[in-house]
Amino acid sequence: MGHRESSLHADRRIFLTKAFGVTVGLVTAAATIDARVAVADQASSTSSKQAVASAAGQDNWRFCVKCYVMFYYGYPDNGRCAAGADHSMAGYNFDIPYDIPETPNAQANWRFCTRCYTMYFFGYPSGGWCPVGGSHNAAGFNFVLPHDIVETPNAQAYWRFCTNCFALFFWGYPEKGRCPAGGGHNAAGFDFVIPHS
Ligand SMILES: [Zn+2]
Ligand SMILES: [Zn+2]
Ligand SMILES: [Zn+2]
């Protein structure tokens, strides 16, 4: 962990600055009408990345190389991994839309778990299976995940819902990661296509 700290902290400052800049840009430049147009465009075309980027998104979501879930990397610690200790990130910096209307190609009710930092589906009465023990605990934004649209250089497909732990996990490898419920994750439902920088 120690060997990567200095560079990662620098990276995080860059990410935070970037995120802040986007927020300020939205407030000053994007009128409410523009936001509505962007959402309408998203619903009616496959060029969702631009529309989603026009709406709010949170970056610093990453793939965990140990358990294959999507987890939030924006805190000094990295939550709890079903493979032991904390999550370990690699790959794209995902920028995930939130607090926008659900559409036929975007599912709401995805949330951050305060205990394990995983992105999980909050739309069922039970809260899935958290690596910390018990079920996940939702907080923060209501994320709305694009699905069943064309993969682009700025959006990665093969992200799926796990029926056992309710996490969003990457299904694109032969192995299916590590599920807190035991074994690998088990995919069902939509093929999510997650925007990234
Ligand atoms: Zn993990
Ligand atoms: Zn959890
Ligand atoms: Zn699972």
Side-chain angles (χ1 to χ4, degrees), residues 1-5 7-9 11-12 15 57-99 106-148 155-197:
M1 314 287 167
H3 65 280
R4 58 171 204 180
E5 267 180 18
S7 63
L8 286 183
H9 286 176
D11 285 347
R12 285 179 187 177
F15 292 149
Q58 183 181 48
D59 66 358
N60 261 334
W61 286 91
R62 307 299 290 259
F63 166 73
C64 174
V65 298
K66 294 163 63 184
C67 71
Y68 292 16
V69 303
M70 180 78 76
F71 76 100
Y72 187 62
Y73 183 65
Y75 290 120
D77 66 315
N78 290 317
R80 184 78 67 89
C81 184
D86 58 353
H87 297 294
S88 182
M89 73 86 168
Y92 297 126
N93 180 9
F94 292 96
D95 188 348
I96 305 190
Y98 61 86
D99 297 341
Q107 183 182 46
N109 264 327
W110 286 87
R111 307 291 297 274
F112 165 75
C113 173
T114 59
R115 306 172 71 213
C116 69
Y117 295 11
T118 298
M119 173 77 70
Y120 80 101
F121 187 64
F122 181 68
Y124 291 119
S126 72
W129 196 314
C130 185
V132 176
S135 56
H136 298 293
N137 183 54
F141 299 127
N142 180 0
F143 292 98
V144 183
L145 306 188
H147 60 80
D148 301 298
Q156 183 181 46
Y158 298 115
W159 286 90
R160 307 291 299 273
F161 165 75
C162 173
T163 58
N164 292 328
C165 71
F166 293 10
L168 180 68
F169 78 100
F170 187 66
W171 188 75
Y173 293 120
E175 320 80 48
K176 304 308 174 192
R178 185 79 68 90
C179 185
H185 298 289
N186 184 54
F190 300 129
D191 178 13
F192 293 100
V193 183
I194 310 296
H196 58 79
S197 55

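Order of listing sets the numbers, starting from 1, for every ligand and every atom in it.
Relative orientation of the Y117 and F112 rings is tilted, given thresholds of 30° and 60° on the angle between their planes. Between H196 and F94, the two ring planes are perpendicular [angle over 60°; tilted spans 30° to 60°]. Using cut-offs of 30° and 60° on the angle between ring planes, the pair F63 and F170 is perpendicular. Ring planes of W61 and Y72: tilted class, angle from 30 to 60°.
Residue-level check: among N/O/S atoms of H136, ND1 sits closest to the Zn ion (ligand 2). Per residue H185, closest N, O or S atom to the Zn ion (ligand 3): atom name ND1. Nearest N/O/S atom of H87 relative to the Zn ion (ligand 1): this is ND1.
With F161 as reference, F166 is the one residue of F166, Y120, F122, W171 to meet the ring-ring contact (aromatic ring centres under 6.0 Å, His included) rule.
Draw a line from the Zn ion (ligand 2) to SG of C113 and another to SG of C116, and the angle between them is 110° (to 10°). Take the Zn ion (ligand 1) as the corner point: the lines to SG of C67 and to SG of C64 open at 110°, to the nearest 10 degrees. When SG of C179 and SG of C165 are joined through the Zn ion (ligand 3), the resulting angle is 110° to the nearest 10°.
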